[in-house]
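Reviewing the structure listed below.
Every number for a ligand or one of its atoms is a count from 1 in the order of the listing.
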Amino acid sequence: MNKKNITIAIDGPAAAGKSTVAKLVAEKLDITYIDTGAMYRAFTWYCLEKGINCENEADCDAVIKDVAIELRPGHIVLCNGIDVSKQIREPRVSSKVSYIASYKNIRLSLVEQQRAMANKTSVVMDGRDIGTYVLPDADVKIYQIASVQTRAVRRYDENMQKGIPCTYEEIENDVRTRDYIDSHRSFAPLKPAPDSVLLDTSFLSIEESVDMVLKIIEKKTGVKPNV
Ligand code: DC
């Protein structure tokens with residue numbers, strides 16, 4: 001691939017497979033993957049650990065300054081130096097993270113860090129507001145969707161593989177609730193950027209989805225994997 005910094009935004013609803021696709025695309029292009037959802041999750045984990053009510057905006061705002069979140073290679077997420085990569089995927093975090101992500105001051109703080117990361121190097125960044133708010137000038141914007149049932153089955157299987165206890169019903173409810181909260185919040189809600197390419201992965205394998213994203217990137221930027 002060429003050396004100009006490129007920015008690729010992948011947005012879409014919960015459990016649409018964005019992180020799986022984004023990770024593989026980043027690997028194939030040998031650029032940095034940034035999982036912005038992991039940042040909202042890490043802060044949610046911190047609030048839960050401290051016994052802070054995640055549904056109280058003022059209480060959460062009060063502690064954002066105490067929290068340093070770091071994304072390390074290998075998909076390691078550190079919160080104040082503690083490795084929380086596994087804990088942030090637990091249902092107790094998933095069920096509260098959309099509240100946290102609807103708070104403007106929390107978003108402003110995390111978005112600042114996300115923009116700083118994208119300024120330094122080429123990135124594939126996934127989230128909800130990357131193409132619309134975080135990186136409005138991204139070179140490529142993908143809006144990745146899949147049906148609620150497909151997403152719930154995928155997230156359930158993923159949790160089972162990781163040994164995270166949950167039921168299918170719990171996951172489907174969580175996906176529906178998060179879709180609603182993420183797309184109805186007032187600040188930077190989940191929605192497709194007007195210049196995004198819609199990718200419905202309901203009937204696509206991971207490999208097919210990755211191939212499609214790579215083709216879109218090549219068409220828009222000329223950048224392609226080395227092999
Ligand atoms: O992608 P995920 O499921 O790990 O995201 C967790 C939550 O964080 C999700 O409910 C919405 C929120 N989020 C957000 O509001 N903006 C982002 N850029 C990324 C995630």
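The option with the heavy atom closest to atom 18 (N) of ligand 1, from among Asp126, Val134, Asp129, Val175, is Asp129. Of the listed residues (Arg128, Arg107, Arg185, Lys18), the one carrying the non-hydrogen atom nearest atom 1 (O) of ligand 1 is Arg128.
Apart from Ile171 itself, the hydrophobic cluster it occupies contains Val148, Val153, Tyr156, Met160, Tyr168, Val175, where clustering links Ile, Leu, Val, Met, Phe, Trp and Tyr at side-chain heavy-atom distances under 4.5 Å.
Each of the following atoms of ligand 1 lies closer than 4.0 Å to a heavy atom of Ser98: 10 (O). Applying the 4.0 Å criterion to heavy atoms of Gly127 picks out, from ligand 1, the atoms 17 (C), 18 (N), 19 (C).
For Phe187 and Tyr133, the ring centers sit closer than 6.0 Å to each other.
Nearest protein heavy-atom contact of atom 3 (O) of ligand 1 is Arg178 NH1, 2.9 Å. Nearest protein heavy-atom neighbour of atom 12 (C) of ligand 1: Ala101 CB, 3.5 Å. Scanning all protein heavy atoms for the shortest distance to atom 19 (C) of ligand 1 gives Thr36 OG1, 3.3 Å. Closest to atom 20 (C) of ligand 1, if we only count protein heavy atoms, is Gly37 CA, 3.5 Å. Closest protein heavy atom to atom 4 (O) of ligand 1: Arg41 NE, 2.7 Å.
Using a 4.0 Å cut-off between charged side-chain N and carboxylate O, Asp126 and Lys23 make no salt bridge.
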Item to check | Stepwise salt bridge (Lys or Arg N to Asp or Glu O under 4.0 Å) check, Arg154 with Glu158 | outcome: CA-CA 6 Å; Arg154 285 181 188 162; Glu158 199 179 297; over 6 Å; no
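One side chain, Asp61 or Asn105, offers a donor N or O that lies under 3.5 Å from an acceptor on the other.
Residue Asp129 forms a salt bridge (Lys or Arg N to Asp or Glu O under 4.0 Å) with just one option from Arg107, Arg115, Lys141, and that option is Arg107.
With contacts defined as side-chain heavy-atom distances shorter than 4.5 Å, the pair Val97/Arg178 qualifies.
Residue Gln114 does not touch ligand 1, judged by heavy-atom distances below 4.0 Å.
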